[in-house]
Structures are given as C-alpha cells and as structure tokens.
Amino acid sequence: MFGSGNNNHSTTDNNIIYSLIAKGTNVLCEYTESKGNFQQISRQIIEKIPANKSTKVSYLYDQYIFHILVVGDFNLIFFCMSGKDFGSRIPFNFLEEIKNNFLEKYSLQKLNNLPNNIPNSLNKEFGSILRQQTNFYNNTKQSDKITKIKGQIEDVKETMIDNIDKVLDRGEKIDLLVNRTLDLAESADSFRTKSKELKNTMVKRTFILGLICIIVVLVLIFIVIWFGCGFPSFYRCRSTTSTTSN
C-alpha cells in the first residue's frame, strides 16, 4: 500500500515516516523522505477531522499508525505517520514539540493572513524544523532520554487507536471515533464520582457496624452482670455489698 523511498530504511521500520501541519484542510507544511500514497490518505483523514475541537487521536492502518494532535483555538492539525511498532508515546512527544515550535513562530494573526489556496506555503520557513525534529525523534535512544528528563512522557492510555478503514470507508464513522476520546474523559469523571460515593458509603457502613458492635458488647456485659448478681433481685451483689459493709 505504501511504497518505500530511496533512503536506507523501509517505511515499515520503527520511525516517523511522514508529518504535516495543516490549518483546517489547508496543508501548510509537510516532510517525508519516503514515497507512497500516504500523503493522499493523510489529506483524506484531515478533511474529516474537526479542526476547531482540540483532541488527540491515532488511527491504525495495516502496519502504520496515523497520529493526530488538534489545537482547536488555532484550527491547527499536527499530523504524523509512523510504523505500528513505534507506538504512540514518541510520535505524540514529536507532535507536541512541533506544536510548541510552530506556535512560538506564528501568531494567530499571522496564520489568519496566510492564503488558503496555496498548499505548503510554509515549507521553506518551517520544513527544516520538521526535518530536524523527525531525525531527532527517530533516534529513539536520544529522544527518549530527553523526554524522560523533561518529564514529557505521556500515558499511552490517553491515546485512542482504531482502524483507519472505518474512517475512509464510512465518513460518518469519524465523528464517533473522535468523540470517543471525549467519552473516555467523561467516563473517567463518572468513575471518580462513583468511587467517592462508594468510599463514603463504606465509611458510613464501617461506623454503623462499629456502633452495633459496641452496643452488643455493652448488652453482653449487662447480661453477664444481670445473671451474675442474681436476676431479678440482684441478691448476690447486695449480699456481697452488705458483707463488705459489716
């Protein structure tokens, strides 16, 4: 499906193969050293991603994963493709780094003044940064060491991975897949609320059980004294008291 380039590594290797930055559906900048139809497929994907809603999502296609980071306030989509075995942590660290560099260089006003009908209008200005960061993050030993020092390792559980066929074959499926990330966040909030309620219930139950145990112990003590002193006149306790007095 995806052809290999003239470089020394195959596109199925564990690395970032292709990356792009888009404002809405307009591709501002892209970089790759490989050849194939993944550029066309990437454009089909970003056409179906709402650029005004911040999200982070990955889509699986055969031996490849498309990673997407959307900054809704700027209508920006940061996108990269990697080998399946490369995972999600390093590609999303790469996208975060690209996002930070890009937003430092371009203000919202400058982005709004860019022509919408000219693709890759920022390739000359930002293409070298894409290339440098791609090479850096493809050096997993170096990039992993830096990201761990900076504390930028993110939980892979925050990333949703699904089959890209569902996106390309049925356009209506994209909304469900993207929204599923938001549903996971809502489910997490619901789980935390239910956990607090369960904890409060367990505390109340423990208190009630403790109170019942105290009452039972007091009743048992009372019964022992009751029968030990001679119910119902308590003559044994009285006689003992009288003897002591004499």
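In this chain, numbering begins with 1 at the start of the sequence shown. Please read these numbers as outputs of a predicted model, since none were measured by experiment. We use all heavy atoms of the structure for the numbers below, so side chains are in, but hydrogens, waters and symmetry mates are not.
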Handout entry: Residues V57, L69; criterion side-chain contact (heavy atoms from CB on, under 4.5 Å); working and verdict
Key = CA-CA 7 Å; V57 64; L69 177 66; over 6 Å; no

Handout entry: Interatomic spacing from CG in N15 to OG in S82 - rounded to 0.5 Å
Key = 8.0 Å

Practice task
Answer whether the closest heavy-atom distance between the side chains of K99 and L95 falls below 4.5 Å.
Solution key: no

Exercise for the section: Test side-chain contact (heavy atoms from CB on, under 4.5 Å) on C29 and L20 and set out the steps. Expected result: CA-CA 6 Å; C29 181; L20 70 79; over 6 Å; no

Completion exercise
Rounded to the nearest 0.5 Å, the CZ atom of F126 sits from the OH atom of Y106 at a distance of 6.5 Å

Handout entry: Reported CG-to-OG distance for the pair N37 and S42, which is rounded to 0.5 angstrom
Key = 9.0 Å

Problem - side chain to side chain contact (heavy atoms under 4.5 Å, CB included) involving R131 - partner list, sequence neighbours excluded - result: Y31, S128, N135

Practice task
Find out whether I68 and I77 are in side-chain contact, i.e. whether some heavy atom of one side chain is under 4.5 Å from a heavy atom of the other.
Solution key: yes

Completion exercise
In this structure, NZ of K84 is separated from CG of L60 (nearest 0.5 Å) by 6.5 Å

Practice task
Supply the atom-to-atom distance Y59 OH to I41 CD1, rounded to the nearest 0.5 angstrom.
Solution key: 14.5 Å

Problem - Minimum heavy-atom distance H67-S58, with the two atoms named - result: ND1-OG, 2.9 Å

Practice task
Mark yes or no for whether N138, through its side chain, and I16, through its backbone, hold a donor-acceptor pair below 3.5 Å.
Solution key: yes

Exercise for the section: State, yes or no, whether a side-chain contact exists between E97 and F136 at a heavy-atom distance under 4.5 Å. Expected result: no

Practice task
On the 0 to 90° scale, with breaks at 30° and 60°, tag the Y18-F79 ring pair as parallel, tilted or perpendicular.
Solution key: perpendicular

Problem - Hphob cluster co-occupancy, V217 + L209, side-chain heavy atoms under 4.5 angstrom - result: no

Problem - Considering all heavy atoms, the nearest I98-I129 contact - result: CD1-O, 4.3 Å

Problem - Contact check, side chains of S121 and L28, non-hydrogen atoms, under 4.5 Å - result: yes

Exercise for the section: Please assess F38 against Y64 for the test ring pair (Phe, Tyr, Trp, His ring centres under 6.0 Å), listing each intermediate value before the final yes or no. Expected result: CA-CA 10 Å; F38 48 81; Y64 309 92; 8.1 Å; no

Handout entry: Close side-chain approach of K56 to V70, heavy-atom, < 4.5 Å
Key = no

Practice task
Decide yes or no on side-chain contact (heavy atoms from CB on, under 4.5 Å) for L122 and L114, but give the supporting numbers first.
Solution key: CA-CA 9 Å; L122 297 181; L114 292 174; 3.9 Å; yes

Problem - L211-V219 co-clustered via ILVMFWY side chain contacts under 4.5 Å - result: yes

Practice task
Please write out which residues are connected to L198 in a hydrophobic cluster, directly or through intermediates, given that two of Ile, Leu, Val, Met, Phe, Trp, Tyr count as joined at side-chain heavy-atom separations below 4.5 angstrom.
Solution key: M202

Practice task
Consider only side-chain N and O atoms of E30 and N120, and report whether a donor and an acceptor are under 3.5 Å apart.
Solution key: yes

Practice task
State, with a plain yes or no, whether a side-chain heavy atom of L76 is found less than 4.5 Å away from one of L103.
Solution key: yes

Exercise for the section: Please round to the nearest 0.5 Å and tell me the distance separating atom CZ of F78 and atom CZ of F92. Expected result: 13.0 Å

Practice task
Decide whether I118 and L111 are clustered together by the hydrophobic rule: side chain heavy atoms of Ile, Leu, Val, Met, Phe, Trp, Tyr closer than 4.5 Å, transitively.
Solution key: no

Practice task
Kindly say whether I17 contributes a backbone atom to a donor-acceptor pair with the side chain of T32 at under 3.5 angstrom?
Solution key: yes

Exercise for the section: For side-chain contact (heavy atoms from CB on, under 4.5 Å), just list the numbers for Q133 and F94, CA-CA rounded to whole Å, side-chain angles, deciding distance to a tenth of an Å, and then say yes or no. Expected result: CA-CA 7 Å; Q133 293 300 329; F94 164 77; 3.7 Å; yes

Exercise for the section: Side-chain contact test, heavy atoms from C-beta onward, threshold under 4.5 Å: evaluate it for P91 versus I65 and give yes or no. Expected result: no

Practice task
Check the surroundings of atom CD in Q109: do more than 12 heavy atoms from other residues, nucleotides or ligands lie under 6.0 Å from it?
Solution key: no

